[in-house]
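Report on the structure given below.
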Amino acid sequence: MLMRRRPVVAWVGGSGLLFAAAALLLPFVGPSALDWARVWQRQEPDWSILTNLRLSRTLLGLFAGGALALAGSLFQSMLRDALATPYTLGVSTGASLGAVIAIAFDWHTVAGVVGIWAGALVGAGLILFVVMGAATRGGQLSSSSLLLAGIAINSVCAALILLVHGLTGMSQSFAISRWLIGGLDAIERSTLLVYMLVVIATGIIIIRQGRQWNLLAVGEAWAATRGAQVRRALFQGYVAGSILAATTVALTGPIGFVGLVVPHLLRGRLGGDDRMLMPCAFLLGGVLLASCDALGRVLLAPAEIPAGAITVCIGGPYLIWVIRRGGLR
Amino acid sequence: MIARHVRRAFAIALLVFLASATGRSQPQEIPARIVSTSPSITETLFALGLGDRVVGVSTYCRYPPAVAALPKVGTFLKPDAETIARLKPDLVFVHKGPNNVLAQLGTLGIKTAVVDRGSLPGVFTTIREISTAANVADKGERLVSDLNAGLDRVRASVAGRTPRKLLIIVGRRTGTLTDVIAVGPGSYLHGIATIAGGSNVLASTTLEYPRISMETVISLAPDVIVDVGEMGESPADSDRRRQITEGLWRSQTLVQAVRDGGVHAVHDEAFVVPGPRIVEVARTMARWLHGVEPR
């Protein structure tokens, strides 16, 4: 399959520019006014507010939004399901269950890592193996078995979250409710760096196999006739998408909408070629989440509105408008 | 014709008078079996001297210690009608909430009373509502009067002092200082902080419990931070959590209160239960804010 080079360069380049512009400009948006003379002279607290808190939060928003949109477009192609999201295959709910258990049992830190993050990653890892085991039959793995196993495990994890939530004390119950809303906040530089490296590495692996996802989006049998190793591709796609979703959920809590809608909106403009769609979904998904978070920081300042709520409030009506114009495929 | 109407009106008036007179002469009994569905209701019932009549409390009730042995009837958001019914109560106190427990208890013929919740004036309203429904209105008025006198003593102890900037945190992501939920205007802790000589740094927000970032904590530069974000299940657990919370704050050297040693990690549930322990909370806040010890 050949892509016309000019639109690819224009879309990916344009999206990349927007991503870079967001990274540079959004840290200047915040609930309090910065004293630019103090920032210039690197005086506190203005310098640290800009470089530590706002930059960290903006980068987390850009990479979290990107990771969710990329995982969403991957699962939609791989499973041939328009409603697939990063949360469809159970791993994100497994991460949420791990985080909720960490809150309920009060694991502040585990091996030097924040307990919620550790719990989320362990939960996601365990569920990844459970779903994979449940979906594999006689050494064969299909997108439909993966989807059904994922949905089943998803439901079980969601039920266990409710169970744990119901058995905790008042303080923990409040903390769990808040965590399940999801949201962005500044995190330590070292944690952010590790997260960004994981997302970049996983993202490159996924995007480089764009042709494979294009073939799977048509059908497994058809993909096999074109030389795709279907079982391996499904395994790789599931693990890679799960890594993106799990690491993101661990740091931000569950943030909906971005992973479902960004790929659909772009598919309406770009068509279904994942080689172009996926990089654009990553870059623009990041821009959408980080921008919505910046808006949430200032709309009711100093109070904040969770980024996920802003994303849905803006994206939902826009999606309906696009549907009414017939711009969705 | 007119005479017939006059006679009928007279007869009705006589009946109404007799009915009200009969009602007045009936002794108003104090319910023997009371169920509480929230910590603030439970604490109020015990403060009114009705503790020995309480036969069921909410899952979250821990004070006074006597409630530990009582049957639990769910949370204030979702009380369990069946468990309540098995306790055969004469009166059940509930808060308004997104549940249909009132209708369920009504169907079972169980008497209920709905009480207020949330703000500082609401604490006094709740005491009056509970004491009236339990037929101990005089005790309720005495309790209100005692609490007001206690708060007046706290107010007097800080009179003339410049209010100190205060930030009260009631929630955050466990083990981190992210996703911070603080106290805005209108909440009961805001009211108590004002009495104790504090100036809530989030008084100008429109939300009762706003979510804020660490940037906002730094830029608002509070003199004192009261962190109620993590509450323990026992005194030992609370003490452990307090140490962890203080450790988290120590690294935030850009925060004024941290540099001045003004961060207080709270492990006392009185801070999150709007009930009769408000004077205790106000005294503690006055000590942290101004170093005074109100009587």
[X] versus chain A, the contacting section by heavy-atom distance below 4.5 Å:
{"X": "B/Ile212", "result": "both"}
{"X": "B/Leu202", "result": "side chain"}
{"X": "B/Thr59", "result": "neither"}

Work out which heavy atom in [X] is nearest to a heavy atom in [Y]; give both atom names and the distance.
{"X": "A/Leu53", "Y": "B/Ile218", "answer": "CD1-CD1, 3.7 Å"}
{"X": "B/Glu215", "Y": "A/Ser32", "answer": "OE2-OG, 2.8 Å"}
{"X": "B/Thr216", "Y": "A/Pro302", "answer": "CG2-CB, 3.5 Å"}
{"X": "A/Ala175", "Y": "B/Thr174", "answer": "CB-OG1, 3.8 Å"}

Please classify the contact of [X] with chain B as side chain, backbone, both or neither, using a heavy-atom distance under 4.5 Å.
{"X": "A/Thr252", "value": "backbone"}
{"X": "A/Ile176", "value": "neither"}
{"X": "A/Leu251", "value": "backbone"}
{"X": "A/Arg57", "value": "side chain"}

With chain A as the partner, which of [options] has the greatest number of non-hydrogen pairs under 4.5 Å?
{"options": "B/Thr178, B/Val228, B/Val201, B/Val272", "result": "B/Thr178"}
{"options": "B/Ser213, B/Ser219, B/Pro210, B/Gly171", "result": "B/Ser213"}
{"options": "B/Gly175, B/Gly184, B/Pro39", "result": "B/Gly175"}
{"options": "B/Thr176, B/Leu207, B/Ile181", "result": "B/Ile181"}

* Asked: Should A/Leu300 and B/Thr205 be marked as a side-chain contact (heavy atoms from CB on, under 4.5 Å) after you check the CA-CA gap, both sets of side-chain angles, and the distance that decides it?
  -> CA-CA 8 Å; A/Leu300 291 176; B/Thr205 59; over 6 Å; no
Measuring from atom [atom1] of [X] to atom [atom2] of [Y], what distance do you get when rounded to the nearest 0.5 angstrom?
{"X": "B/Met214", "Y": "A/Ile49", "atom1": "CE", "atom2": "CD1", "result": "11.0 Å"}
{"X": "B/Gln252", "Y": "A/Ser48", "atom1": "CD", "atom2": "OG", "result": "10.0 Å"}
{"X": "B/Tyr60", "Y": "A/Phe174", "atom1": "OH", "atom2": "CZ", "result": "11.0 Å"}

* Is the CZ atom of A/Arg42 crowded by more than 12 outside heavy atoms at less than 6.0 Å? -> no
* Could you tell me which of A/Glu44, A/Arg54, A/Glu304, A/Arg297 has the largest number of non-hydrogen atom pairs under 4.5 Å with chain B? =>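 The answer is A/Glu304.
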* Compare all side-chain heavy atoms of B/Arg211 with those of A/Arg178 and state whether any distance is below 4.5 angstrom. => yes
